[in-house]
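Take a look at the structure set out below.
Because the structure is predicted, anything quoted here is derived from the model rather than measured. Sequence lines set the chain letters: A, B, ... in the order given, protein chains first and strands last, and positions in each chain run from 1. Every heavy atom of this structure was used, including side-chain atoms; hydrogens, water molecules and symmetry mates were not.
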Amino acid sequence: GESVGLHLPTLSVQEGDNSIINCAYSNSASDYFIWYKQESGKGPQFIIDIRSNMDKRQGQRVTVLLNKTVKHLSLQIAATQPGDSAVYFCAETSGGYNKLIFGAGTRLAVHP
Amino acid sequence: SQTIHQWPATLVQPVGSPLSLECTVEGTSNPNLYWYRQAAGRGLQLLFYSVGIGQISSEVPQNLSASRPQDRQFILSSKKLLLSDSGFYLCAWTGKGLAGGAQYFGPGTRLTVL
């Protein structure tokens, strides 16, 4: 069935470096993708989204890239800060009614 | 602006006891509502979703049920809890529209079944 997965379960970076978190999806019909950040003990927080008619979208310090040819999604965080430490999930829509399928998550650890 | 509330924040219940978790949304009308469960260190599993009052769809066969008695209220229940029901329960909402939109999550309820 459709699935959304992540290449790296844990990513460690130095403060100030750029971070790249990757995600693969399997449903070529998915048309909407979201990145969430989840801090320990809290609900996921919306970071940025992208629709399938785009290949890049930028926010504040974050950029999402979508490569539909290889069904790959990435989240780039510029000048990573300690406050960016969290688990990051990608998600795709599937099945209508805005149902999202989430990947397992990548833990980002930022070291001073 | 829209806000989503969940309570209680934490709950410790014995096996076999009933459960009722509540979720309410403010600042929007006719939202789609969702219940997820998250095991420790894992991703989110969709349990139920609702597109309107009294309309509930179940994604996974389980010991739980959901109800939507009011437009902005979503309740997760169980008659008899199992140890495997322990987890972090998250409610989310989204507005209706073409091609979906982001889901926005509540703060979650940490349930421990002993």
Once rounded to the nearest 0.5 Å, what's the spacing between atom NZ of A:Lys99 and atom OH of B:Tyr34?
9.0 Å
Mind checking whether [X] and [Y] sit in one hydrophobic cluster, side chains of I, L, V, M, F, W, Y counted as touching below 4.5 Å?
X: B:Trp7; Y: B:Leu111; value: no
X: B:Leu46; Y: B:Ile56; value: yes
X: B:Phe88; Y: B:Val113; value: yes
X: A:Leu65; Y: A:Met54; value: no
X: A:Leu66; Y: A:Ile21; value: yes

More than 12 heavy atoms of other residues, nucleotides or ligands under 6.0 Å from CD of A:Gln60: yes or no?
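No, the 6.0 Å shell around CD holds no more than 12 heavy atoms from other groups.
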May I ask you to name which of B:Gly43, B:Cys91, B:Ala9 has the most heavy-atom pairs under 4.5 Å with chain A?
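Top option by heavy-atom pairs under 4.5 Å: B:Gly43.
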Tell me, for A:Gln45 versus chain B, whether the close heavy atoms (under 4.5 Å) come from the side chain, the backbone, both or neither.
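The answer is neither part of A:Gln45.
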Between B:Leu44 and chain A, which part of the residue has a heavy atom less than 4.5 Å away: side chain, backbone, both or neither?
both
Contact origin within B:Gln45 toward chain A - heavy atom pairs under 4.5 Å
neither
Looking at every heavy atom in both B:Gln103 and A:Tyr36, which two are closest together, and how far apart are they?
O-OH, 2.6 Å
For A:Pro44 versus B:Leu90, what's the shortest heavy-atom pair and its separation?
CD-CD1, 3.7 Å
Are side-chain heavy atoms of B:Gln38 and A:Phe102 found at a separation under 4.5 Å?
no
